[in-house]
Amino acid sequence: MEYDFRKIEKQWQDIWNRDHAYRVSNDSPRPKYYVLDMFPYPSGAGLHVGHPLGYIASDIYARFKRLKGFNVLHPMGYDAFGLPAEQYAIEHGIHPAVSTQQNIENFRNQLNNIGFCFDWDREVRTCEPSYYKWTQWIFLQLFKSWYNRAAKRAESIETLVDIFKNQGSHSVAPQRKNLVFSAQEWNAFDHATREGILMDYRLAYCGFGEVNWCEALGTVLANDEVVNGVSERGGHPVVKKKLRQWYLRITEYADRLLEGLEQVDFSDAMKEMQTNWIGKSYGAEIDFSIKSEKGEVDSMRVYTTRPDTIFGVDFMVVAPELDWIEAIASAGQFEEVSRYIGYVRSRSERERQAEKKISGCFTGAYAINPFNGREIPIWISEYVLAGYGTGAIMGVPCGDERDFRFASHFHIPVTNIIGDFFNGEQANPTKDARLTNSDFLNGVVMRDAISIVNGKLEEMGIGTPKVNYRMRDAAFSRQRYWGEPFPIAWRQGVAYPLEEKELPLLLPEVDTYSPGPEGEGPLANIPQWVERELETNTMPGYAGSSWYFLRYMDPHNETAFCDRKVSDYWNQVDLYIGGTEHAVGHLLYSRMWTKVLFDLGYIGFEEPFKKLVNQGMIQGSSRFVYRAQLSAGGTDIKWDNIFVSAGIRERFEKGDLSPEQLFSRINLLVHGDSAPAGLPPGAEILLHPLHVDVNIVDGFQLDTKAFSKWKPEYANALFLLEQDGIYLCGSEVEKMSKSKFNTVNPDELVGKYGADTFRMYEMFLGPVEQSKPWDTKGIEGVHRFLRKLWRLFYDEQKGQVWTLDKAGAPEWKVIYRTIRKMEEDTERFSFNTGVSALMIGVNELSDLKCHKKEVLEKLLVILAPYAPHIAEELWHLLGNSGSILDAAYPAVEEIYLVESAKNYPIAINGKTRAEMNIALDATQLQVEAMVLENETVKKWLDGKAPKKIIYVKNKMVNVVI
RNA sequence: GCCCGGAUGGCGGAAUUGGUAGACGCGCCAGACUCAAAAUCUGGUUAUCGCAAGGUAGUGCAGGUUCAAUUCCUGUUCCGGGCACCA
């Protein structure tokens, strides 16, 4: 009886499906465990082998937990709104709902192929009205709430209105500069004014923000649609444009997002990334008065974390886009300033920060140092961003490397305020120096000077200590079609929320997916929509994905996003597996939404994910063919389809093969014997690497026949082959993507080797957290392992070989050692070593010729999370009736694993030279005596006495000479 | 540029707490079975010197701590991920 994986896998998938084997109840006496995968976007390209890595890991863990007696929730769904579907709609006129539906079906089939234990009854799709109804509903909660800083929590906006009504704004931190009013004043404000003020407090609010505006395309572009300042499609210029935008006031949650990190089990790297993203810093805002020709602007505000360096300020740098720059520019500098502002407008933030070339421009105005009246030139430069702090910094070249380079570049004299700590060549950011050239601060250690300066500034009324965050409020609107409509109507410039009973506000059909007027979204093209004065923006991709883990708990609820009783049962996600690319986006947004819903009493926990495991990326291993071409050096010889093998190319590039030799070999290939010889003068042979589909390459060897059929233009391809008559490809490790032809489709591998082999091989590749290149070659080893395992039960010739014989100690020892290793490794997500442990176990049982049911059935249970189909099949063939999905994880009988002695490595000066079998309970003295008797040790000692003998129980012995 | 990771045989990787570097698998080499091939099985496989016994070097690179370093510390190079409208 053969291992017929195709039949077995089909059969068991059908049975599990029929029996609803993966259905999960919200009501169970067993402890709950919630395993979550990151929400996939159903792309048209379908799955490649990189996608399922995390899903397989979580699937194994979910199955493992089920065997351990937990009620396990392991759902799957789709983050189905998004730009690619909309782009596809623009290009092909197909409604995004239609293409998305197709993509989802394709995805689902691919996922099912791999045999995941998803409870499909709980599937969610963010683009379904039944789902986005609740995204809109949560948005309304955000809109109707404010963050009460005193209570450190979100509250209904009504509580704020009450405060304003009764006490005015004094007790509430002002959101807008200089906006302070009394209760009487509030009550006298007209409706629009009040709404304008409340808008400054709402957790979801409207403001103005810059977008990438492409005039030629008449649309707003995503960052990755902009390359080097022009649109990716068409290469049109892109500039910044201010548009009305929705935002989420995530900055109010900055501190709680930081504190929450202490309660969750994320990697230190992940916590660090989030901490840095939030970027909390303690500093001061200082107002400097300005001296300019026109005198229109009297002061500027800078944010600094180092007020102690106030006497070392040699220049100011202001973000060029701040609106008061042109007002302070002197007549002589005005033109240059305008030109520089124009230049910066064309630059993305990323480019500005990454730019190595120092650029900037003097404004012609000066700031006055409040302590000594010194005139400080005000510059503008792209390295200062408007969005951080006040958009203006103090340039302290002796203490900051970037400031120092700026000063050197523009020949601005440097004031040394740190004495010997500054060498004139390099800035020194120390806080330990005693200040010099610093007036009343001379001799004070910098660290201590900070509070002295802050005190003085406050006394003078020109500065306040200030906590600052690098994180900005999250832009929450897109000028797009394929997203959730905002449940907001605008009347006379005031935003009104729709009634709850009006939800969902359905996304209307449109005739065209092209943008609306003035950079508005496509919804602005619909007269009925505009008539109803509905918001024309839609929500961004992360709207639906910020709360989906809650919907899985109670996916069909029509009266709430999730029943409180149900979320109380499932509570936090116990294990979340996903890539680090979501470190600061999705993970922060969903943590914020969870905190808001917690504050408002809709759920009972404020951190969504208890534990996070980051999966690495599977990279593609690209293959290249090399097309030969003659440069235009005065020749009319055209080679269209000559491909040179990688080995020949290598010799050519290294110079081992001359251009003439290569030319004549190619000529021979093209023309046969009657080849005209000689490279035309001035001509050069170029070998262009071209990506070739990895699926027609075996290792590095190209299937030349398949290549000729691959694309019509290669039909007549000629190949310059290696000596042994094969064509070798070049290779490189790159991101896996369709355009690089390096994607490998899991369906094909599943078809060829089965889902069980595929699952185990993905895990066997290496640690789940680590990125690694895909290589299909090794999959056969895993497949061989499963067949070897099968042979413990059934033999092709002999049929059944398993027996009911009683097992002996050596067999028990092997199986219990395997169980223990497997359990430990699975528990710590070390799935690759888990697979190895199984292989070792099967190798050892084969060596022992162990075919005993009582041993083998334990093996099947620990195998089941990794390779569920074969495990279930053999489980039943052994005569078990229930499903192995619900078997109990076998317990280890320690008695079989007790050892009395160990082979110790005996090292001389730390280098292993011998091995000795020593009893585990041996004492230091016994060991020393034994070791000194050892021949190898004697040889190395050469008659001398050892300096020391180190004996670490159960580890090693080291003889120091 | 800034933040976070990673680097070990021909390849993927193992070494869980500082204690036998290279488990397991691929590939390769040799052998068995076979008319032959496939499949399967057995043995070998870091480099280098040596007939062997055995020695020497070795975990990106340069240093350091230690009886002992892939593991800890300092510096450095290269590669990957993210940087706010891809999801």
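First the proteins, then the strands, lettered A, B, ... as listed; each starts at 1.
Taking atom P on both B:G55 and B:A21, the two are 13 Å apart, rounded to the nearest angstrom. Taking atom P in both B:G22 and B:C33, the straight-line distance is 34 Å, to the nearest Å. For the P atoms, the distance linking B:C3 with B:A57 amounts to 39 Å, nearest Å. Rounded to a whole angstrom, the distance from the C1' atom of B:C24 to that of B:G19 is 22 Å. Comparing B:U76 with B:A23, their P atoms are spaced 35 Å from each other, to the whole Å. A gap of 28 Å separates the C1' atoms of B:G81 and B:G9, to the nearest Å. Taking atom P in both B:A14 and B:G63, the straight-line distance is 28 Å, to the nearest Å.
Considering only side-chain atoms of A:Asn212, the nucleotide from B:C85, B:C67, B:A84 that sits closest is B:C85. Which of B:C83, B:C41, B:G82 sits closest to the side chain of A:Arg350 comes down to B:C83. The A:Arg913 side chain lies nearest to B:G55 when the options are B:G25, B:G55, B:A23. Residue A:Pro84 places its side chain closer to B:C86 than to any other of B:A84, B:U16, B:C86. The side chain of A:Met839 approaches B:G25 more closely than any other nucleotide in the set B:C67, B:C86, B:G25. Picking from B:C85, B:A15, B:G19 the nucleotide with the shortest atom distance to the side chain of A:Ile950 gives B:G19. Comparing B:A87, B:C4, B:G19 by their nearest atom to the side chain of A:Leu83 picks out B:A87. In the set B:A87, B:U16, B:A84, B:A87 carries the atom at the smallest distance from any side-chain atom of A:Tyr41. Of the listed nucleotides (B:G1, B:U16, B:G54), B:G54 has the atom at the smallest distance from the side chain of A:Lys939. The side chain of A:Arg478 lies closest to B:C85 when the candidates are B:C85, B:U40, B:G13.
Surrounding NZ of A:Lys902 are more than 12 heavy atoms belonging to other residues, nucleotides or ligands, all under 6.0 Å away. Dense packing is recorded around NZ of A:Lys938, with more than 12 heavy atoms of other residues, nucleotides or ligands lying under 6.0 Å away. The environment of CG in A:Asp268 is sparse: at most 12 heavy-atom neighbours from other residues, nucleotides or ligands sit within 6.0 Å.
In a base pair of the Watson-Crick type (N1 to N3 plus N6-O4 or O6-N4) or a G-U wobble (N1-O2 and O6-N3), with each distance short of 3.5 Å, B:U34 is matched with no nucleotide. Base pairing analysis places B:C61 opposite B:G75; the two distances defining the Watson-Crick or G-U wobble pair are each below 3.5 Å. In this entry B:U20 has no Watson-Crick or G-U wobble partner, no candidate having both defining distances under 3.5 Å. The pairing partner recorded for B:G80 is B:C4, the criterion being a Watson-Crick or G-U wobble arrangement whose two distances lie under 3.5 angstrom. Nucleotide B:U56 is matched to B:A47 when pairs are restricted to Watson-Crick or G-U wobble geometry with both distances under 3.5 angstrom.
When the C1' atom of B:C3 is taken as reference, atom CZ of A:Phe266 falls 18 Å away, rounded to whole Å. Atom NE2 in A:His582 sits roughly 11 Å away from atom C1' in B:G82 (whole-Å rounding).
Nucleotide B:G12 is shown with an anti base, its glycosidic torsion being more than 90° from 0.
Between the side chain of A:Asn276 and the base of B:C3 there is no donor-acceptor pair of N/O atoms closer than 3.5 Å. For B:C85, the base has a donor-acceptor partner in the side chain of A:Gln479 [N/O atoms by modelled type, under 3.5 angstrom]. For a distance-only test at 3.5 Å, the side chain of A:Lys821 qualifies as a donor-acceptor partner of the base of B:U16.
Qualifying side chain to side chain donor-acceptor pair (under 3.5 Å) partners for A:Arg480, counting only residues two or more places apart in sequence or in other chains: A:Glu225. By the side chain to side chain donor-acceptor pair (under 3.5 Å) test, A:Asp795 is found to be paired with no residue, residues two or more places apart in sequence or in another chain being considered.
A:Met471 comes within 4.0 angstrom of a base, heavy atoms only. Nucleic acid contact class of A:Ala269 (heavy atoms, under 4.0 Å, all strands): sugar-phosphate only.
Near-neighbour residues of RNA chain B inside residues 43-55 of chain A, defined by a heavy atom below 4.0 Å, are absent.
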Step-by-step ring pair (Phe, Tyr, Trp, His ring centres under 6.0 Å) determination, A:Phe406 to A:Tyr383: CA-CA 10 Å; A:Phe406 192 82; A:Tyr383 80 87; 5.6 Å; yes
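Taking the six-membered ring for Trp and the full ring otherwise, the centers of A:His586 and A:Phe39 sit at least 6.0 Å from each other. A:Tyr131 and A:Trp547 have their aromatic ring centers within a separation under 6.0 angstrom.
The heavy-atom pair separating A:Tyr548 from A:Tyr576 by the smallest distance is OH-OH, 2.6 Å.
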